[in-house]
Amino acid sequence: GALAAAVEREMAETAGKAPVSVVIYPASGERPFTVSALEGQTLRDVCESGVDGGARILREYLECACSGVMACSTCHVYVREGWFDPANAGDSGGKLGPASEE
């Protein structure tokens with residue numbers, strides 16, 4: 001629960017995981033919002049353990065009915081064209097990371 005999430009968050013910070021921000025544009029057309037996370041977290045991780053206002057809002061949009069095994073189709077995420085290059089994605093497993101500087 002909450003204690004395990006807090007410990008995971010503290011371990012990630014201690015390990016030097018970089019903070020990242022993700023702007024969420026709801027498909028419903030509602031106002032975009034920003035979610036704060038640490039490098040290596042999935043959006044589901046942020047839903048479960050995020051403490052900022054963006055994480056609380058994200059919980060309303062991602063159901064995660066299958067406990068994150070990507071089997072139920074309740075948590076679709078659409079990435080804007082031109083933002084993500086699948087050829088350079090490697091095997092990130094859907095994890096968040098800092099933007100690369102080119």
Side-chain angles (χ1 to χ4, degrees):
L3 178 59
V7 169
E8 285 180 21
R9 197 170 39 252
E10 184 175 336
M11 288 174 59
E13 290 170 353
T14 302
K17 298 292 184 176
V20 295
S21 294
V22 179
V23 179
I24 306 293
Y25 295 86
S28 61
E30 293 179 56
R31 185 173 170 216
F33 58 95
T34 301
V35 175
S36 298
L38 293 171
E39 176 185 5
Q41 287 186 304
T42 64
L43 289 177
R44 182 172 184 270
D45 294 338
V46 175
C47 280
E48 291 183 342
S49 63
V51 294
D52 68 348
R56 286 189 289 277
I57 296 169
L58 184 61
R59 288 183 194 114
E60 298 174 19
Y61 290 97
L62 291 183
E63 182 179 337
C64 295
C66 67
S67 297
V69 297
M70 296 183 276
C72 67
S73 303
T74 60
C75 56
H76 286 94
V77 176
Y78 298 94
V79 178
R80 286 186 174 180
E81 186 175 339
W83 185 84
F84 178 74
D85 181 0
N88 294 320
D91 186 23
S92 65
K95 301 205 182 282
L96 302 174
S100 61
E101 295 181 24
E102 296 181 5

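Only heavy atoms go into these numbers, but all of them, side chains included; no hydrogens, no water, no symmetry mates. Please read all numbers here as calculations on a predicted model, not as lab measurements.
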ask   = Sequence neighbours excluded, which residues qualify as side-chain hydrogen bond (donor to acceptor under 3.5 Å, both in side chains) partners of S28?
value = E30

key: Any residue meeting side chain to side chain contact (heavy atoms under 4.5 Å, CB included) with L58, in chain and number order, not counting sequence neighbours   = I24, F33, V35, L43, V46, C47, L62

ask   = So, for E39 and K17, which heavy atoms are closest and what is the spacing to 0.1 Å?
value = O-CD, 3.5 Å

message = Give me each pair satisfying ring pair (Phe, Tyr, Trp, His ring centres under 6.0 Å) with a member in residues 5-26, each pair once, sequence neighbours excluded.
response = none

Partners passing salt bridge (charged side-chain N to carboxylate O under 4.0 Å, His left out) against R56 (at least two apart in sequence or in another chain) = none

message = Using every non-hydrogen atom in the two residues, find where G40 and D45 come nearest and quote the distance to one decimal.
response = O-OD2, 4.2 Å

ask   = What are the two closest non-hydrogen atoms of L38 and Q41, and how far apart are they?
value = N-OE1, 2.7 Å

query = Distance from R31 atom CZ to I57 atom CD1, nearest 0.5 Å?
reply = 8.5 Å

task = Only counting residues at least two apart or in another chain, list the ones meeting side-chain hydrogen bond (donor to acceptor under 3.5 Å, both in side chains) with S36.
result = D52

